[in-house]
Peer 1: 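Quick one: this structure, given as structure tokens, is what I'll be asking you about.
Side chains included, hydrogens not; waters and symmetry mates left out as well; all remaining heavy atoms used. The shown structure was predicted, so the numbers you read here are calculated from the model rather than taken from an experiment.
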Amino acid sequence: MQKTRTTAPKPATKLSEAHLRQFAEQGYTTVPEFFSAREVAAMRAELERFQHEGMLRNVFTDGDGKTHSDKAVNLQICPLTSCSDFFRAMHFAPHVLEAVGALIGHPLAFQLDQIFLKPGNHGAGTKWHQDNAYFNQPDCTRAVGMWTALHPANRANGCMHVVPGSHASLAPHQRDPNSDHHIFAPVVPEERAVPIELPAGGVLFFDYGTLHCTTANTTAIPRAGLALHFVNAEQVDADFWKSPIVARLTGPGATGGLAEYGVKVEGTWDEQVERLLAERGSAAVSSPS
């Protein structure tokens, strides 16, 4: 008789009233056990593919915004959607849509995805900024960044930091001389900043107006974070839909990715997770560390 393999149940990811209240009042909230161990293992497997194929690039520069540093490294791949069926499927994962929809309301649209990897000992951080300085949405509280720790994130290895309540107004930003494309907010009330330490698979949700940064990785072990960006589709303009990676996720006109990507992506998340684990040759996955 063939033995049936069972998978561990996924963590409960439904947001509580306390989560929703914190997001509304402070501009962020956290769910330490959002993704399961199997999901995290699959994310890491895809990250390993990116590394093996040389797809991440150092965006940190030597103070002139052009010359890439060989002393400090901030590796980025952006966007992911165009090069990964796996991460593209994550946008449509039911628990992701449920959580994001609870925070910013339906209908939902996907905007952007990216990974930052900070190598051990010389991984550089990303300076203070607000996402709406890039995205310019009419209401930053109806747009959310979803930052997932692919490895345990703590103060020593450069975890995310946020300034609670900073989503009330947009701060002035200027070009970051230590990046080949980033901007940063030079005046930040850092005395109010809160470090967001998370286990692997834990998630930080923050609206587009919340000041946030990461710091340097001072440990010998690499640390990576995955950022997905979503907006309420009722507030986007016509130019938003010109991007080749955006997608309607819920509401009128949503086709599960078929209209945008030419294939039905909705409903494939679990399949993509198991595909990557099978390719990796992993029959069982322990808790991520």
Peer 1: Counting C-beta onward and ignoring hydrogens, is there a side-chain heavy-atom pair between I221 and H151 closer than 4.5 Å?
Peer 2: no

Peer 1: Does E46 reach the side chain of Q272, with side-chain heavy atoms less than 4.5 Å apart?
Peer 2: no

Peer 1: Report yes or no: does R280 contribute a side-chain atom to a donor-acceptor pair with the main-chain N or O of A42 at less than 3.5 Å?
Peer 2: no

Peer 1: I need the minimum non-hydrogen distance between A124 and A72, along with the two atoms involved.
Peer 2: CB-CB, 4.1 Å

Peer 1: Applying side chain to side chain contact (heavy atoms under 4.5 Å, CB included), name anything that partners H106, two or more places apart in sequence or on another chain.
Peer 2: L108, T250

Peer 1: With a 4.5 Å heavy-atom cut-off, do E190 and W128 have their side chains touching?
Peer 2: yes

Peer 1: Between S243 and E260, is any pair of side-chain heavy atoms under 4.5 Å apart?
Peer 2: no

Peer 1: Going by the rule side chain to side chain contact (heavy atoms under 4.5 Å, CB included), which residues pair with H229 if we only count those two or more places apart in sequence or in a different chain?
Peer 2: Q111, L112, Q114, D131, F135, Y208, A227

Peer 1: Taking the side chain as C-beta and beyond, is there a heavy-atom pair between L56 and Q51 under 4.5 Å?
Peer 2: yes

Peer 1: Consider ring-ring contact (aromatic ring centres under 6.0 Å, His included). Of F23, F34, W147, which one does F205 pass it with?
Peer 2: F34

Peer 1: For a quick check under 3.5 Å, do S179 and N74 share a side-chain donor-acceptor pair by atom type?
Peer 2: no

Peer 1: Do the non-hydrogen side-chain atoms of M90 and V273 ever get within less than 4.5 Å of each other?
Peer 2: no

Peer 1: Would you mind listing every salt bridge (charged side-chain N to carboxylate O under 4.0 Å, His left out) that reaches into residues 219-237, with sequence neighbours excluded?
Peer 2: R142-E234

Peer 1: Would you call D113 and S84 a side-chain contact if the rule is heavy atoms closer than 4.5 Å?
Peer 2: no

Peer 1: Kindly assign one of parallel, tilted or perpendicular to the pair H129 and H182, based on the angle between their ring planes and the thresholds 30° and 60°.
Peer 2: parallel

Peer 1: Would you say R38's side chain and E274's backbone share a donor-acceptor pair under 3.5 angstrom?
Peer 2: no

Peer 1: In the structure I gave you, are the side-chain heavy atoms of H95 and F35 within less than 4.5 Å of one another anywhere?
Peer 2: yes

Peer 1: When the ring planes of F110 and H91 are compared, do they come out parallel, tilted or perpendicular, using 30° and 60° as the limits?
Peer 2: parallel

